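Given the structure is predicted, the values throughout are model-derived calculations rather than measurements. All chains are named by letter (A, B, ...) in the order of the sequence lines, taking the proteins before the strands, and each is independently numbered beginning at 1.
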2 protein chains.
Amino acid sequence: MIKMSHAQRLRDLLEDAIVEGRFPPGTKLDPEALGREYQCSRTPIREALQQLAASGMVKVVPKRGTFVTQLGISELVERFEVMAELEAMCGRLAARRITSQELSELKTAHAACRERLEADDANGYYYENGCFHHCLYRASHNAFLTEEATRLHAILKPYRRLQLHVRHRMHSSFVEHEAIVAAIETGDAAAAEQALKDHVHIQGERFTDLVANIERLHESA
Amino acid sequence: MIKMSHAQRLRDLLEDAIVEGRFPPGTKLDPEALGREYQCSRTPIREALQQLAASGMVKVVPKRGTFVTQLGISELVERFEVMAELEAMCGRLAARRITSQELSELKTAHAACRERLEADDANGYYYENGCFHHCLYRASHNAFLTEEATRLHAILKPYRRLQLHVRHRMHSSFVEHEAIVAAIETGDAAAAEQALKDHVHIQGERFTDLVANIERLHESA
DNA sequence: TCCCGTCTTGTTGTATACAACAGATAGGCG
DNA sequence: CGCCTATCTGTTGTATACAACAAGACGGGA
């Protein structure tokens, strides 16, 4: 492993922890505690937190502390709207630009999804689904777009996790993926764009339904 | 003016300076010099620079220094591709969601553009053009999209400045704006989307032509 | 003359100490 | 008994000092 600064390593570690749900949205990130855990002073921790704040993973409330970003329904809807557009764009570009190697990678990821689906392994499907989408981003051959899509994907991941076990979601997701792969393979940019837009929009609607339910629970509690 | 931390104020100041071209792309930002200029130590400056780095305005080269981001042709093309998509999305949403007040603001901005065009005032047109686009972003009624579009717009601004005086660009830009306003006013989402996509793509092509010429000059120099 | 090794210098990255501010709490006054 | 105020505490924001590293310069050897 290459040498990198404490701040950089810490940033990656915290980002991972947040994305993977080990720090649920709303959690307060205490610099002092983190300092003890990672054996360093507040300075690099502060830097890491600020970098995360800049990418929208955490929110710094002046004089109050730093908290893992907790998105309300409308904020979630907004982000899914943009995510749908970015993914659709990736699909449109990928349909025209994908290389044969990238196409085979995409198909491999898709096959892995099928395997997890048939094994009824939601966590595994979730992981392979992430790979599938990243293949798509890269196939757009637009590094900036790939970065932005990846960043937004990461921000939304903790919420996506919530709907892992929704009934039949895995199966419908897989069917949607089939359409996406088919459109890209035939080079049909418009179809790929539409298929991805629908795919993400459906996720967005499901998520917001779910979040709405959760928030109702919180309110009544 | 409300009280904010040195780092925040510094961030805004530097961002402005970069966007407005007072620090051209490639400029080295020396923490020590900035410290003298703004009467503060390296710590808040470091923070400001890191926040700018996170939004892509500057690039930190480890052990070498911090430099204002200098985009090559391909990087520029990539960003304009994404910018076109985001603006097109703003237009599509705005066509459906714009309020009458926002529409009148947009028309006011458009009228200001016409004034500057008739006065042959390129700098003024440039400024009003920015207002026009920001009106559009806000009219999308998607705060996240507005933020992202604004950020990307700012990153591209130093390059946009380069083509201020291209012959007839102001006039064609204005004509394109007319189509955009018309589409939004009639609520034609598809037309607004297409008009904006074209508008930005044209800019992107012109810019990259220009940058290509500039880089050729640099090479031969 | 050219190349390699060492040293110097300037930079960034980190730790620690300090100051300033906001919120909470307790005490006094009406 | 309630409200206002003053202090107090815990936090963040900033300054400074130090350490580590890397690029460049210089000198010695081949």
Side-chain angles (χ1 to χ4, degrees), chain A residues 1-18 22-72 147, chain B residues 1-18 22-72 218:
Chain A
M1 181 177 175
I2 61 168
K3 264 260 178 174
M4 56 198 313
S5 68
H6 279 181
Q8 289 278 57
R9 184 165 41 245
L10 206 49
R11 188 183 67 80
D12 292 347
L13 248 45
L14 287 176
E15 181 173 324
D16 232 57
I18 292 169
R22 292 196 293 281
F23 292 116
T27 307
K28 174 166 184 179
L29 297 171
D30 182 17
E32 198 180 325
L34 292 170
R36 275 195 302 277
E37 183 156 357
Y38 295 105
Q39 300 291 337
C40 67
S41 81
R42 259 181 53 214
T43 308
I45 289 171
R46 201 183 152 74
E47 272 192 25
L49 290 180
Q50 286 204 341
Q51 290 187 30
L52 291 177
S55 72
M57 309 276 309
V58 305
K59 190 166 168 52
V60 179
V61 183
K63 305 289 179 188
R64 293 289 294 276
T66 302
F67 303 85
V68 178
T69 303
Q70 185 159 31
L71 299 175
E147 269 177 47
Chain B
M1 181 177 175
I2 62 169
K3 265 259 177 173
M4 56 200 310
S5 69
H6 278 180
Q8 290 277 61
R9 183 165 41 247
L10 206 51
R11 187 181 69 79
D12 291 347
L13 247 47
L14 286 175
E15 182 173 323
D16 232 56
I18 292 170
R22 290 196 294 280
F23 292 115
T27 308
K28 175 167 183 177
L29 297 171
D30 182 16
E32 200 180 327
L34 292 171
R36 274 195 302 275
E37 182 156 357
Y38 294 105
Q39 301 292 336
C40 66
S41 80
R42 259 182 54 216
T43 309
I45 289 170
R46 200 182 154 75
E47 273 191 22
L49 290 179
Q50 287 206 339
Q51 290 187 30
L52 291 177
S55 72
M57 309 277 308
V58 305
K59 190 166 166 54
V60 178
V61 183
K63 304 288 179 189
R64 293 290 293 276
T66 303
F67 303 85
V68 178
T69 303
Q70 185 159 29
L71 298 175
H218 281 190

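In this structure, NZ of B:K59 is placed 15 Å from P of C:dT12, rounded to the nearest angstrom. For A:Q50 and C:dG13, the CD to P distance is 14 Å, given to the nearest whole Å. Atom pair A:I45:CD1 and D:dG13:C1' shows a separation of 16 Å (rounding to whole Å applied). Counting to the nearest Å, the P atom of D:dA23 and the CZ atom of B:R64 are 7 Å from each other.
Rounded to the nearest 0.5 Å, atoms CD (A:E15) and CD (A:Q51) are 10.0 Å apart.
Not a single donor-acceptor pair under 3.5 Å links the side chain of A:T66 to the backbone N or O of A:V60.
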List the steps and the verdict of salt bridge (charged side-chain N to carboxylate O under 4.0 Å, His left out) for B:E47 and A:R46. CA-CA 9 Å; B:E47 273 191 22; A:R46 201 183 152 74; 2.5 Å; yes
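With a 4.5 Å cut-off on side-chain heavy atoms, A:P25 and A:L71 do not count as touching.
A donor-acceptor contact closer than 3.5 angstrom is absent between the side chains of A:Q50 and B:Q50.
In terms of heavy atoms, B:M57 sits closest to B:I18 at CE-CG2, 3.8 Å.
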Write down the protein N/O and nucleotide N/O pairs, taken from nucleotides 14-18 of chain C, whose separation is under 3.5 Å; answer none if there are no such pairs.
unit_1: C:dT14; atom_1: OP1; unit_2: A:H6; atom_2: N; d: 2.5
unit_1: C:dA15; atom_1: OP2; unit_2: A:S41; atom_2: N; d: 2.7
unit_1: C:dA15; atom_1: OP2; unit_2: A:S41; atom_2: OG; d: 3.0
unit_1: C:dA15; atom_1: N7; unit_2: A:T43; atom_2: OG1; d: 3.0
unit_1: C:dT16; atom_1: O4; unit_2: A:T43; atom_2: OG1; d: 3.4

